[in-house]
Amino acid sequence: MTSDLDGRTALVTGGAGGIGLACVRALAAAGAKVHVVDIDERRTEAAAGEVGGWAHVADLTDPASIDGL
């Protein structure tokens, strides 16, 4: 099955829980390659691992942390 998101890349901030995690799951299910961004390292890695994506630990209130993305 193909989707409009096959081959696309998504970056989801706050992706380790709640609505963000739901978005991560939906995007991955639709075929997107997902980069999960959150401040909690353990949960971010778990979310990325669940969907075969990439984990990025960052505090989006800290400009230096954002530069690392």
Side-chain angles (χ1 to χ4, degrees):
M1 182 173 122
T2 61
S3 167
D4 289 342
L5 298 181
D6 281 343
R8 301 279 189 149
T9 301
L11 186 142
V12 180
T13 60
I19 294 170
L21 180 56
C23 291
V24 165
R25 290 173 175 154
L27 288 163
K33 299 171 187 173
V34 184
H35 292 259
V36 182
V37 181
D38 207 298
I39 197 168
D40 184 311
E41 182 175 5
R42 182 186 59 77
R43 290 177 51 206
T44 302
E45 289 177 358
E50 178 184 326
V51 299
W54 295 269
H56 303 280
V57 178
D59 178 354
L60 299 183
T61 66
D62 176 10
S65 184
I66 295 168
D67 288 342
L69 288 176

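Position 1 is the first residue of the sequence; numbering continues from there.
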Asks: My understanding is that only residues two or more places apart in sequence, or in another chain, count here; which of them pass ring-ring contact (aromatic ring centres under 6.0 Å, His included) with His56?
Replies: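 Here the qualifying residues are His35.
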Asks: Is Leu27 reachable from Val36 through a run of hydrophobic residues whose side-chain heavy atoms are each under 4.5 Å from the next?
Replies: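 Linked within one cluster.
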Asks: Does any pair with a residue in residues 9-21 pass salt bridge (charged side-chain N to carboxylate O under 4.0 Å, His left out), and if so which ones, sequence neighbours excluded?
Replies: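 Checked against salt bridge (charged side-chain N to carboxylate O under 4.0 Å, His left out) - neighbours excluded - no pair reaches residues 9-21.
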Asks: Please tabulate, for the side chains in residues 58-66, all donor-acceptor contacts under 3.5 angstrom to protein atoms that are two or more places apart in sequence or on a different chain.
Replies:
from  : atom 1 : to    : atom 2 : distance (Å)
Asp59 : OD1    : Thr61 : N      : 3.0
Asp59 : OD1    : Thr61 : OG1    : 2.6
Asp59 : OD2    : Thr61 : OG1    : 3.3
Asp62 : OD1    : Ala64 : N      : 3.2
Ser65 : OG     : Asp59 : N      : 2.8

Asks: What pair of heavy atoms forms the shortest contact from Ala55 to Ala48, and how long is it?
Replies: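 Heavy-atom minimum between the residues: N-CB, 3.6 Å.
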Asks: May I have the list of side-chain donor-acceptor pairs in residues 11-23 shorter than 3.5 Å, sequence neighbours left out?
Replies:
none

Asks: Could you note down all residue pairs passing side chain to side chain donor-acceptor pair (under 3.5 Å) where residues 38-52 supplies at least one of them, sequence neighbours left out?
Replies: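 Applying side chain to side chain donor-acceptor pair (under 3.5 Å) to every pair that reaches into residues 38-52, excluding sequence neighbours, yields Arg25-Glu50.
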Asks: If you look only at pairs with a residue in residues 7-27, which of them pass as a ring-ring contact (aromatic ring centres under 6.0 Å, His included), with sequence neighbours excluded?
Replies: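 Residue pairs with at least one partner in residues 7-27: there are none.
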